[in-house]
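Each remark here refers to the structure printed beneath this line.
What you see below is based on every heavy atom in this structure, not just the backbone, and it leaves out hydrogens, waters and symmetry mates. Each chain gets a letter, A, B and so on, in the order its sequence line appears, and its residues count up from 1. The model shown is predicted, which means the values in this text are computed figures rather than measured ones.
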There are 2 protein chains.
Amino acid sequence: MKHLLPNDLVSKKGRYTIFSCLSSEELEELELVQTTQVYKKGQPVFQENTQSAALFYVNQGFVKVTKLGSNGKEQILRIAKTDDLVGYRSVISGSRYKSSAIAIEDSVITLIPKAFFLKLLQNNPVFYSKVTIMLCETLDRTETKITDIAYKPVRGRIAEALLLLNDLLDEKEHITLTREDLAGLVGTVKETAIRIISEFKHDKLIEIHKRSIKVVNEKGLEKVSSLYN
Amino acid sequence: MKHLLPNDLVSKKGRYTIFSCLSSEELEELELVQTTQVYKKGQPVFQENTQSAALFYVNQGFVKVTKLGSNGKEQILRIAKTDDLVGYRSVISGSRYKSSAIAIEDSVITLIPKAFFLKLLQNNPVFYSKVTIMLCETLDRTETKITDIAYKPVRGRIAEALLLLNDLLDEKEHITLTREDLAGLVGTVKETAIRIISEFKHDKLIEIHKRSIKVVNEKGLEKVSSLYN
DNA sequence: CGAAGTGTTGATGATATTCAAGTAATGTGG
DNA sequence: CCACATTACTTGAATATCATCAACACTTCG
C-alpha cells in the first residue's frame, strides 16, 4: 500500500496524464481523497453490475476490462495501461459498472471517489473536455472492434491483437496474457488461439520464450491481419 | 425541402428531445443556422472518412450508421430514429467521420453546423451533460454488441435484432430493413440471415407479409436470443 | 416491359468450436 | 527445497456453424 503524491501523477517521466490540467488546489484535494494501492495479479478492481462508487487510475501495470458474454465466456473489451482511467463511465452515467476490471499483473492503482470526479468535471472545463474526447476515442476503437470481430477471421484478429499488445508496451515493458485472455480479447476460444499462435511461430512471425510471445515480423503480422480469407 | 421551426424540435408530441434544454435565444439561433431537408431512402447523410463539418438530427425516419469492414462488407453499428443525433462524435473530436450514415427510409433530417454545436456545448452545461450521457450510453450498447457478436451464434443475434427493431418502433411506425441490412446489423451474410428468418417463420415466431417481418412470439424469440447452442 | 434490386434455396467447403487426453510450468505447504 | 496440487498450455479428432457460389423467382420501378 503506497500513497503517491499528486506531483507523481502529473510528472510521470514525460507521459501524458489526464490530470495535468488540474489546478494545484485540485491536485491537493485529489491527494486527500484518493487511495492508491497495489492490486495483485488476478485481483478484481471492480465487478460488472455492482454499483459504481469510484473510478480508477492505472498508475503502473495493466488491467483488463471485461464483460461476460451470454454463454458465460469472458470478452475482454480493452486493456488499460499506465495513465488510463477505468470505471469512469459508470460514474458519469450514475449506473452500475457495465464491465469488470481485473489486474493482469501486479498493478498500482489509484481509487478516485465519484463525488470528487464529478466535481472536477463540473469545475474544470479543460478536464471535462479531455474526458469527453477520451469517451469519443474509446467509442471509435470499440466500433472498429465490432467490425473486426464481425468480419475478420480469427487468424487476422489474433495477428492484430498481437500487434496491438506490442504497441501498448513502451521500451522494456512486458505483459504476458494467458492464451485464454488472448482468446477473450479477440473473441475466440483458447484452443483456437493456441493453434493460430503455433502457426505464427512456425511461420517465424513470432517467437515464444517460456510462455511469452515476442513479435519478430511486424510486417508479416500486419499482412495476416489485413487478409480476409 | 422543409424548414422546421425550433418549436417543433422542442415539443414533438411528448417525445424527449435533446434540445429541450436550450434557451429561447439558443433555439432562435439554431433556427437560423440549421438546414432541414428530406433524404430519400438510400441517400447518404455523411460518409466515413470525410471531414466532419456538421452533425445531424433525425426529425423523422430512420438512418443506418455503418462502418466498412476490412473485407468490404458493411457492418451496421446502430439504427438512428426520430430524435437521435448522428455524426456528433466526429464533430466533438474534430476528426473525420468514423462511420457513414444512410437514410433507410425517406427521412427528415436537420443539419447542424459544427461551430454552433460546439458553442452550445461550451455555453450550456445541461446540454453538454446530456451529450456526455448519450455518449456513455452509446458506448454501453456498443460494448454489449461486441460480446454478442463474439459469442452469440447468428441465430441468437438475429432473434435479438428482430426484438430490438421491434422496440425501436412506436405504435404504428414501421421499418423494413432489407435482408442484407439485417445481416449487416448482426454481422453475417444475407443468405444466412434469410435461412434463419425462414426457420423463425416456420416456428411461428414471426410472420412475413410481403417482405416485412412481424414479431408474433416475443417470448419465443427472447428464448432463442439467450440460447447459446 | 425489361432491368435492377431483393429474396430464396441447395450444394459444398472452410473455419472454428467442442471434447478429450494429455504435457509443461508454477505455486504452496510441509 | 521438494512433492504435490493447481493452473496453464498443447494437440488430435469429431462436429457444428457459417460463408460462398450458383441458380433462380419475385418485386419494383423507370
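Here the side chains of A:I206 and A:L162 are in contact, with some heavy-atom distance below 4.5 Å. Counting heavy atoms from C-beta outward, B:L135 and A:C136 have side chains that approach closer than 4.5 Å. Using a 4.5 Å heavy-atom cutoff, the side chains of B:I146 and A:Q75 are in contact. Between A:K98 and A:E48, the closest side-chain pair of non-hydrogen atoms is not below 4.5 Å.
Between B:K152 atom NZ and C:dT17 atom P the separation is 17 Å, expressed in whole Å. B:I149 places its CD1 atom 11 Å from the P atom of D:dA19, with the value rounded to the nearest Å. As rounded to whole Å, 13 Å separates atom P of C:dG5 from atom NZ of B:K41. For the pair A:E180 CD and C:dT18 P, the interatomic distance rounds to 12 Å; values are reported in whole Å. Atoms CD1 (B:I208) and P (D:dC26) sit 15 Å apart, rounded to a whole Å. As rounded to whole Å, 13 Å separates atom C1' of C:dT6 from atom CD1 of B:I213. Rounded to whole Å, the distance from NZ on A:K40 to P on C:dG27 is 10 Å. Computed from coordinates, the A:L177 CG to D:dT7 P distance equals 19 Å when rounded to whole Å.
Here A:R211 does not reach the OP1 or OP2 of C:dA24: none of its side-chain N or O atoms lies under 4.0 Å away.
Salt bridge B:R78/B:D84: absent, no basic N to carboxylate O contact under 4.0 Å.
Taking the six-membered ring for Trp and thresholds of 30 and 60 degrees, A:Y97 and A:F46 have nearly parallel ring planes, at less than 30 degrees apart.
Among the nucleotides D:dT20, D:dC18, D:dC26, the one closest to the side chain of B:K73 is D:dT20.
A heavy atom closer than 4.0 Å to some atom of DNA chain C occurs in A:T188, A:V189, A:E191, A:T192, A:R195, these being the qualifying members of residues 182-205 of chain A.
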Do A:D106 and A:K40 pass the salt bridge (charged side-chain N to carboxylate O under 4.0 Å, His left out) test, and can you show the C-alpha distance, the side-chain angles, and the key distance before you say yes or no? CA-CA 4 Å; A:D106 294 0; A:K40 303 290 287 180; 3.5 Å; yes
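Comparing A:V154 and A:K210, the nucleotide of DNA chain C nearest to each residue sits closer to the 5' end for A:V154.
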